[in-house]
There are 2 protein chains.
Amino acid sequence: MNGFFYYLNVNGYSAILVDNKSILKEGRVTKMKKKETVTIYDVAREASVSMATVSRAINHNHNVKPETEKKVLDVVKRLNYRPNDVARGLASKKTTTVGVIIPNVTNSYFAALARGIDDIAEMYQYNIILTNSDGDEKKELKALNTLYSKQVDGLIFMGNEISEAVRSDMSNERIPVVLAGSVDFQNQFNSVNIDYRKAVYAQTNELLKNGNDRVAFVASHLNRSINKDYRIEGYKDALRDAGIPFRKTLLFEANEATYDSGYKLRNKLVQEEVTAAIVSNDDVAAGVMNSMSDSGINVPEQFEVATSDNTKLTEMTRPMLSTITQPLYDIGAVSMRLLTKLMKNEEVSERNILLPFGLKDRNSTK
Amino acid sequence: MNGFFYYLNVNGYSAILVDNKSILKEGRVTKMKKKETVTIYDVAREASVSMATVSRAINHNHNVKPETEKKVLDVVKRLNYRPNDVARGLASKKTTTVGVIIPNVTNSYFAALARGIDDIAEMYQYNIILTNSDGDEKKELKALNTLYSKQVDGLIFMGNEISEAVRSDMSNERIPVVLAGSVDFQNQFNSVNIDYRKAVYAQTNELLKNGNDRVAFVASHLNRSINKDYRIEGYKDALRDAGIPFRKTLLFEANEATYDSGYKLRNKLVQEEVTAAIVSNDDVAAGVMNSMSDSGINVPEQFEVATSDNTKLTEMTRPMLSTITQPLYDIGAVSMRLLTKLMKNEEVSERNILLPFGLKDRNSTK
DNA sequence: CTGAAAGCGCTAACAG
DNA sequence: CTGTTAGCGCTTTCAG
């Protein structure tokens, strides 16, 4: 079928797909055209109905008599017809594809969300255009732009924070967006998260209860809304409740959400004489912990570490990492589910969904 | 033009974003035409040229007088015109998007490739539709089908192995495909890999040199071509060179390429009295190693583990994992680069690219 | 329940 | 260098 077939129009008879050898033999081809794709028109002709009816049949539109639907579908199968989604998209203004902006697929936290997103997308017949942004505003803006050009029906944005430029850009388009595992302090977009403030509050309490009065808070970017407005607030809440003064010097930044970035923090941490740390990313936490252990500091006896995402990594390190437990896959899945509703203009009861979290006590804390 | 016009519903409905002053004054417009999109036709009119010229200008076609191009581009900017890629795709039969089939984004090996793929895609102005297949033939076939419908210009396939059904399916379409980190024993498709056989050969030699004569080989699926035809052959080569008999009982299967799946292998390994293992996946290797350590077996003194991918995980475990080093990101990047050439019908010198590998000696081996 | 016809927004000959 | 004219393959009124 592979470029070897030509359009043959014999005796005014309907066009047929033939192998070019027979064309040469027959020698009476009136019109030859390279016929690669079988279109809705071919199906219509073969089934002796109009294109409109074919369209209705393949879209399972109710307004079509069962017999004609069957007739059409049989021809569809026989001709091996496959609808062209691009043409469909142009005509219907729906592409059944959604854009997904992710900082980095390589990051296990976001990868887990992405998997949830894709699974639900598939379930609802959507496809996903994935774009890595590195959390960089420039890249995010560029990605948004090409996604708009591609006429995606919706957008899932991951990236911890929404810069003003990104906010205004997304506001100006009329396509629905949902933030997955990412907060918008202005509360302008739909989102799916856990209650970071409460989670960190609970976690900090545990560390305080263990007798630590110099608990570090470490994040990749302290000034990002998700940290500044939520996690750090939870951390402060706990400190306040325990009557321990908040010290700005116990806030540490890792620059990147990576293992190495966490690993490099040791000296600073030691210098401030912290005995425990709340870390907002598993990779970073693993780096911090290993770095301590490697220098002879015993975890958790001399130094406790608690992390944030409960990715598989938390079970792979030794000691295993105590962590907040988040329904990672579900955050992605629910985000996509929410988006499908938005795209179909269905009612949504909650714009900002908070999924439940928990605390898992493992061996990096006492 | 850009989101400035909206339906106005005056009967006490809220959330009306209107920018048309006359509407605000009137206060009782029943319905307004929703004018969202500015098309190439609008630009043509405003710039007093034909659509064709606009098309040429925005595509930087050479056959346009510099002044007219500027004139057009100015209007483009003024009207905030953004080409509709769907219409473009229908007219040009090129969508500038490629399909990527990945077993699981959550797997660090494949995630690393995916990042390389996306970066190069972006560089060449392509977008990526990502689909998780779990290495399952049914899902792969389904994904391929929807990708064809979406008229992707090319395909990158990851999945360790090409089943016959997938092979014939991909052969029947005329779009280029390249296998990334995945082998095709029939050598029918373009691909980018390392020389798994040589790599495992070298690695097995190291373990043999350390005095192990019962070296296990563990993979997620032993019968997959990448293992059966390449890695295991390399393992056998080394055994043969060392004069050690190959024992089928020292081949272990993990079922899935996951940490847990590796972790569960301990008893079987211990039962066969192996003192070292070659593992074909980092997650599995971490599971095997931790499982040994957790049960009191000292790694590497009593048990050596060597793994395959050199993902970041190999540095996060304790001890750190000795491994084959693969240019993961590059495998993805080169695959995508190869694909761009194929999509543009450029000459390619090598159909099956082998990237260099190395051996990194860390602490899980003596 | 079905058909005719009009596009969707753009590219690509083909003239000029 | 620029305009005209056909479509690309499908959905969607609007009639009947």
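By convention in this document, chain letters (A, B, ...) are assigned in the order of the sequence lines, proteins followed by strands, and residues within each chain are numbered from 1. Keep in mind that what you see is a predicted model, and the values were worked out from it rather than measured.
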Checklist entry - B:Asp42 has an atom CG; how far is it from atom C1' of C:dC10, in whole Å? => result 13 Å
Item to check | Salt bridge flag under 4.0 Å for residues B:Asp134 and B:Lys139 | outcome: yes
Checklist entry - Should A:Arg115 and A:Asp119 be marked as a salt bridge (charged side-chain N to carboxylate O under 4.0 Å, His left out) after you check the CA-CA gap, both sets of side-chain angles, and the distance that decides it? => result CA-CA 6 Å; A:Arg115 186 45 146 118; A:Asp119 281 2; 2.5 Å; yes
Item to check | Rounded distance (nearest 0.5 Å) linking atom CD1 of B:Ile128 with atom CD1 of A:Ile129 | outcome: 10.0 Å
Checklist entry - Counting only N and O atoms by type, is there a donor-acceptor contact under 3.5 Å from the side chain of A:Asn59 to the main-chain atoms of A:Ser55? => result yes
Next on the checklist: Looking at B:Thr39, I'd like to know whether one of its side-chain N or O atoms comes within less than 4.0 Å of OP1 or OP2 on C:dG9.
Outcome noted: no
Checklist entry - Between C:dC10, D:dT2, D:dT12, which nucleotide gets closest to the side-chain atoms of B:Thr68? => result D:dT2
Checklist entry - Considering heavy-atom distances to DNA chain D, does B:Ser48 or B:Ala91 have its closest nucleotide positioned more toward the 5' end? => result B:Ser48
Checklist entry - According to a strict under-4.0 Å criterion, is B:Ser55 in side-chain N/O contact with OP1 or OP2 of C:dT11? => result yes
Checklist entry - If you check the A:Ile40 side chain, which of D:dC10, C:dT11, D:dG9 turns out closest? => result D:dC10
Checklist entry - Rounded to whole angstroms, how far apart are NZ on A:Lys71 and C1' on C:dT2? => result 10 Å
Next on the checklist: Does D:dC10 have its OP1 or OP2 closer than 4.0 Å to a side-chain nitrogen or oxygen of A:Tyr81?
Outcome noted: yes
Next on the checklist: Is it the case that atom CD in A:Gln125 sees more than 12 heavy atoms from other parts of the structure closer than 6.0 Å?
Outcome noted: no
Checklist outcome for this item: When rounded to whole Å, the NZ to P distance for the pair A:Lys70 and C:dC1 reads 18 Å
Checklist entry - Where the side chain of B:Val64 is defined as all heavy atoms beyond and including C-beta, which of D:dG9, C:dA13, D:dT2 is the nearest nucleotide? => result D:dT2
Item to check | Side-chain donor/acceptor of B:Arg56 to base of D:dG3, under 3.5 Å | outcome: yes
Checklist entry - For B:Pro66 and A:Pro83, take the nucleotide of DNA chain D holding the closest heavy atom to each; which residue's nucleotide lies nearer the 5' end? => result B:Pro66
Next on the checklist: At 4.0 Å (heavy atoms only), tell me whether B:Val54 reaches a base, stays on the sugar-phosphate, or touches nothing.
Outcome noted: nothing
Next on the checklist: Judged by each residue's nearest nucleotide on DNA chain C, which is more toward the 5′ side, B:Ala87 or B:Ala52?
Outcome noted: B:Ala87
Next on the checklist: At 4.0 Å (heavy atoms only), tell me whether B:Ser92 reaches a base, stays on the sugar-phosphate, or touches nothing.
Outcome noted: sugar-phosphate
Checklist entry - Looking across every strand, which nucleic acid part, if any, lies under 4.0 Å from A:Asn59 by heavy atom: base, sugar-phosphate, or nothing? => result sugar-phosphate
Next on the checklist: Rounded to whole Å, please give me the gap between OH in B:Tyr41 and C1' in D:dG3.
Outcome noted: 13 Å
Checklist entry - Can you check whether A:Thr53 has a side-chain N or O nearer than 4.0 Å to OP1 or OP2 of C:dG3? => result yes
Checklist entry - Any side-chain N or O of A:Lys93 less than 4.0 Å from the OP1 or OP2 oxygen of C:dG9? => result yes
Item to check | A:Glu67 CD - C:dT2 C1' separation (whole Å) | outcome: 13 Å
